[in-house]
Structures are given as structure tokens and as C-alpha cells.
Amino acid sequence: MEMEQKMKSSVTAFIRKNQLVTSGATVLVGVSGGPDSMALLHFLCSIREEWELRLIAISIDHQLRDAQSQTDLDYVRAMCDRWDIPFIGASLDVPAYKQDKQMGTQIAAREMRYQFFAEQMEKQEADYLALGHHGDDQVETMVMGLVRSANSSDFSGIPVKRDFATGSIIRPFLGVTKDEINAYVEARDIIPRIDPTNNETVYTRNFFRKKVIPLLKEKNSNIHTTVQHLSETLSEDEQYLREQADKGFKEIVEVDEERPFAEFEIDMFQAQHSALQRRIFHLILNYLYDRLPKDLSYVHEEQFFALLQSGKGNVQIDFPAHLKLEKVYGKLMFYFFMQERVHHPSYYKTLEVPGRIDFPDGSVVTAVYSNTYHGQHKYSYFCNSEEIALPLHIRTRLAGDRMRWKGLAGSKKLKDIFIDAKVPKRDRATWPVLTDNNGVILWLIGLKKGQPDSQKSNTSYIQINYEKGDM
């Protein structure tokens, strides 16, 4: 009785400290029939009148253990009848969902379970969903995180409270141990259902539970309290860093709302603190991927930072699921190969004077005669009509293309002009090139203006204008 009272005081203090429950709230309780969830349901029932709580128990049959899981559901329903607690039960076809989504059993079960929880939160207009995770679960999670992950953001443990559906998920038992819970159910003459798979060490968590955690408890019997404090402080630190990273992401990363694409200026990115750089990198991945690939690991993070440090001006690396990272001089771009690198055929179009050419990306080139020289800008080109051979042509570049301009000794390859101007390789193949009928390159449109072979003086000009598309 003394241990039972001690646990009740401990849990109540934990609830007040973390502001988990407010008076008059509607609380859904996820109940499997095992000792943890049954103890939680009974505990909340014991404070129901004092806190003016509206309790509703939710139990789910995942259809993974034949008739046994249905028996667990029936058991929870019967206990709720005894304790006068409204009950909601559901059978979810996890095997079919797993097959359809091509995912592991535990992940499929969790996704379906939380989808159902969210639906019931909205239907019942609930404030909280209470789950029975305890201090030993927290230790297991933290130790498993240490073994599995090289990312500090994955090492913050099970949250005491987090936003979910219409309210929050709360875990009032994270401050107590499994032994304390077992003592509680025994003192209250609760005979819970036991899942036999909990004793099989072939499952990773069970291995830690049976083999690793007992060794840690030998060194520190209060390790659950130590780890819970560590989890809370790490969570607070991580929340602040994520807020700062999110701010940095919005300030320096440009995204495309129409397709999965992101880019940033490398010097702006590197001006961020290294802790924020890592998190911004992961925010970009979360933005681009619908679901993070299983084979995405810390190795890819190392490759990313190595790419940033590379002295080469134009470098690419491959990430899982056809994601490419391309460093183009001062920029880094993220795009999916199958979507971004579609085949762009070469083109060769005749530009009449006067005339107009419309391109698929929405850009337009027009040509007109003019008796007045208006001056040139980046997207316009003037020449004397007698200096060039008509008609004009617009095409993509050809191997060996060269052009000349005033002040240049000889000619220069278009390839070298692109490199000097830091034009990405991906844009060079479709860049519009203006030539006369003799093949003389007059204008690498928007980039470099050439000089006709002959130089004549008259008052008749041709004006070519380029309007950039918005696609």
C-alpha cells in the first residue's frame, strides 16, 4: 500500500510539474490490456472526480495475433464496464495495410493506430490522448537512439507531451518504473493481459529490455529519473535549435512550390552556426522527400558537407531515391533526377524580321526593323541590317561553337563563356543562341553580345528583344 501511495504521489507531482492535464478535460486513454495501460487507466479513474475528467478508453485489435488480440479487446471492454468508463474498440487490418504500403509490421501498426487515435480525438473533441509509456521505456529509447543514430536531434527520447490532432499526447508514467507499475496493478488486484512477444529477445527493443537495461540499473537504480531529466533538457535545447533552423531555412533556402526543388547560396548557408547548418540540411530533406528513405544515413550528411567544402566549381552527388545535389559555383541545388533532368531536345528556329518566336517555357524573342538606335540592355540586341546575312536563326549550341566581340583577340568557345559566367551545366544545353544565315553567332542571348564579320554604317537597324518566361 505504501508503494502504491508513493507512485500515486509521484505521478501526480509529475503531471503538475509538466502541466499534462487541466481540470475538466476530456482524456482518451490508449489501452492494450497490458499492465502499463491498465495501470494508467485505473490511475486516471482514481483522480477522475477530483480533476473533473471525462475519460474514454480506446483499445485496438491489430489483427496480428489471431483470436488472442480480440480477447485482449474484450478484456479491456469488460474492465471499462466494471470501472464505469466509456469504451471505444476497433479492429484494424494491419496485415493488409502493411502489404499495400510495403512497410514493416510495427510501422504499419503504429501508423494505423495513430490514425485511429486522431480520428477519435476529433470525433470526441478530446483535449488529451494519454499513453502508458514509463521510465524504463524512456531508458530503452534513449539507449537505442545512442546505438542507432549519429544525429543528436534523434536522441531526445519519448516526449512527455506533444501536439496531436485536437490536443496533445501525454505520458504521465514517464517518471515511474516498470516495477512500480507492476506493484500498483498487483495492489489493486488488476490481472492484465500479457503479450507473449514481450519476452522474445529477437525483437530489438526486447533485447535492450532484457539484456542491457538491467545492467544499467545495477549501476544506477534511479537511472529512469536521470534519463528522463536528460531527455527533457535535450528536448528543450532541440526545440530552440529547430526554431532557429526553421528561421534560417525560410531566410536562405529557396524552394519551388510546383515541384520538389530547393537551392541556397553557399556563403549564406555557411554563415549559419554549424548546429543550425545540420538542421537546415535535414529540413531541406524533409521538405523534398515524401518519406525519408531507409538507406538515408549520417554518411549522406557527411557527403553533403564535403560537397560544400569542395574547391570544384561544378560537382554533383547522388542521394537515395534519385535525389541529386549539384554545386554550381556559389549555389547548391537539390532536385530529383527523374523530374528535373527531363530530355530537352535541341531546336533550330528561323526568326523573320519582323517576326516572333515563342518558347515552351514562356519566353519570347521578337525582331523588328528600326530607324533609331535606342541603346542596348541585357535582353536587347541592335545591329545594322547590312552587317548580317538574313534570315536570322535561334538555336541551341553546337559542339565547337565560338564567337567574337570587340576587343577580343580572336574568338572564344561558348563552353568557356558559360564557365566564366558560372552558368550551370544543366542550363547550357538549352540556352538560346542567335546567329545570322551564315552561322555567325551574334548573341548568346542574355549573356554575351557578338560582333558581325563585316562592319558597315547606315541608318537601318534590326532590334531583337528577349522576354524571359516565368515557367
Side-chain angles (χ1 to χ4, degrees), residues 149-156 159 161-164 232-293 296-341 361-363 378-379 418 421-427 446-447 468-471:
S149 177
N151 191 337
S152 61
S153 61
D154 295 333
F155 191 56
S156 52
K161 184 178 183 179
R162 71 173 177 88
D163 293 340
F164 181 73
E232 290 174 9
T233 55
L234 286 174
S235 180
E236 290 170 0
D237 293 348
E238 182 61 28
Q239 181 179 350
Y240 173 76
L241 289 169
R242 284 183 177 178
E243 289 172 357
Q244 297 305 306
D246 186 61
K247 187 184 299 183
F249 176 90
K250 292 174 181 176
E251 289 176 354
I252 69 174
V253 180
E254 294 183 22
V255 299
D256 191 321
E257 299 297 336
E258 301 297 324
R259 60 198 168 103
F261 175 87
E263 68 177 6
F264 58 73
E265 298 283 348
I266 292 174
D267 58 349
M268 292 180 65
F269 182 86
Q270 292 181 323
Q272 302 285 321
H273 190 281
S274 59
L276 298 183
Q277 290 182 27
R278 291 196 304 273
R279 286 163 175 80
I280 293 172
F281 166 67
H282 287 285
L283 285 174
I284 293 172
L285 295 183
N286 288 330
Y287 174 82
L288 294 173
Y289 284 117
D290 291 332
R291 183 191 295 273
L292 291 178
L296 187 70
S297 71
Y298 72 92
V299 173
H300 295 96
E301 182 178 303
E302 291 180 347
Q303 292 176 349
F304 164 74
F305 282 103
L307 180 62
L308 289 183
Q309 298 299 326
S310 171
K312 296 181 179 179
N314 203 315
V315 193
Q316 296 179 0
I317 59 174
D318 295 320
F319 268 33
H322 304 293
L323 181 66
K324 277 192 176 291
L325 277 63
E326 182 175 0
K327 181 183 178 185
V328 184
Y329 301 101
K331 282 190 175 183
L332 190 70
M333 295 178 289
F334 299 71
Y335 57 88
F336 286 96
F337 179 84
M338 300 303 290
Q339 296 171 335
E340 185 69 14
R341 293 271 186 165
D361 65 354
S363 58
K378 182 178 181 180
Y379 293 119
F418 282 131
K422 299 182 178 179
V423 174
K425 285 183 178 179
R426 55 204 287 269
D427 295 333
L447 192 60
K468 195 172 184 179
D470 56 3
M471 295 177 63

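Keep in mind that this is a model prediction, so the values were computed, not measured.
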Taking all non-hydrogen atoms of both residues into account, name the closest pair between [X] and [Y] and its distance.
X: Leu285; Y: Leu292; value: O-CD2, 4.1 Å
X: Gln316; Y: Lys324; value: OE1-NZ, 3.7 Å
X: His300; Y: Phe281; value: O-CZ, 4.2 Å
X: Lys327; Y: Gly311; value: NZ-N, 4.3 Å
X: Ala245; Y: Arg279; value: CB-CB, 3.6 Å
X: Leu288; Y: Ala262; value: CD2-N, 4.3 Å

Heavy-atom distance under 4.5 Å between the side chains of Leu283 and Val253, does that happen here? no

Spatial distance of atom [atom1] ([X]) from atom [atom2] ([Y]) [nearest 0.5 Å]:
X: Ile252; Y: Lys250; atom1: CD1; atom2: NZ; result: 13.5 Å
X: Glu243; Y: Glu238; atom1: CD; atom2: CD; result: 10.5 Å
X: Gln244; Y: Ile280; atom1: CD; atom2: CD1; result: 10.0 Å
X: His282; Y: Arg242; atom1: NE2; atom2: CZ; result: 10.0 Å
X: Met333; Y: Glu254; atom1: CE; atom2: CD; result: 11.5 Å
X: Ser297; Y: Gln303; atom1: OG; atom2: CD; result: 8.0 Å

Partners passing side chain to side chain contact (heavy atoms under 4.5 Å, CB included) against Ala321 (at least two apart in sequence or in another chain): Tyr289, Pro293

Got a sec, which residues hit side chain to side chain contact (heavy atoms under 4.5 Å, CB included) with Lys422, two or more places apart in sequence or on another chain? Tyr329

Start with the C-alpha distance between Phe305 and Arg278, add both sets of side-chain angles, then the distance that settles side chain to side chain contact (heavy atoms under 4.5 Å, CB included), and finish with yes or no. CA-CA 9 Å; Phe305 282 103; Arg278 291 196 304 273; 3.9 Å; yes

Using a 6.0 Å cut-off, check whether atom CG of Asp290 has over 12 heavy atoms from anything other than its own residue. no

According to the interplanar angle, ranging from 0 to 90°, do the rings of Phe264 and Phe269 count as parallel (below 30°), tilted (30 to 60°) or perpendicular (above 60°)? parallel

Tell me, please, which residues at least two apart from Asp427 pass salt bridge (Lys or Arg N to Asp or Glu O under 4.0 Å). none

Of the options Ile284, Leu307, Leu308, which is the one that meets Leu325 in a side-chain contact (heavy atoms from CB on, under 4.5 Å)? Leu307

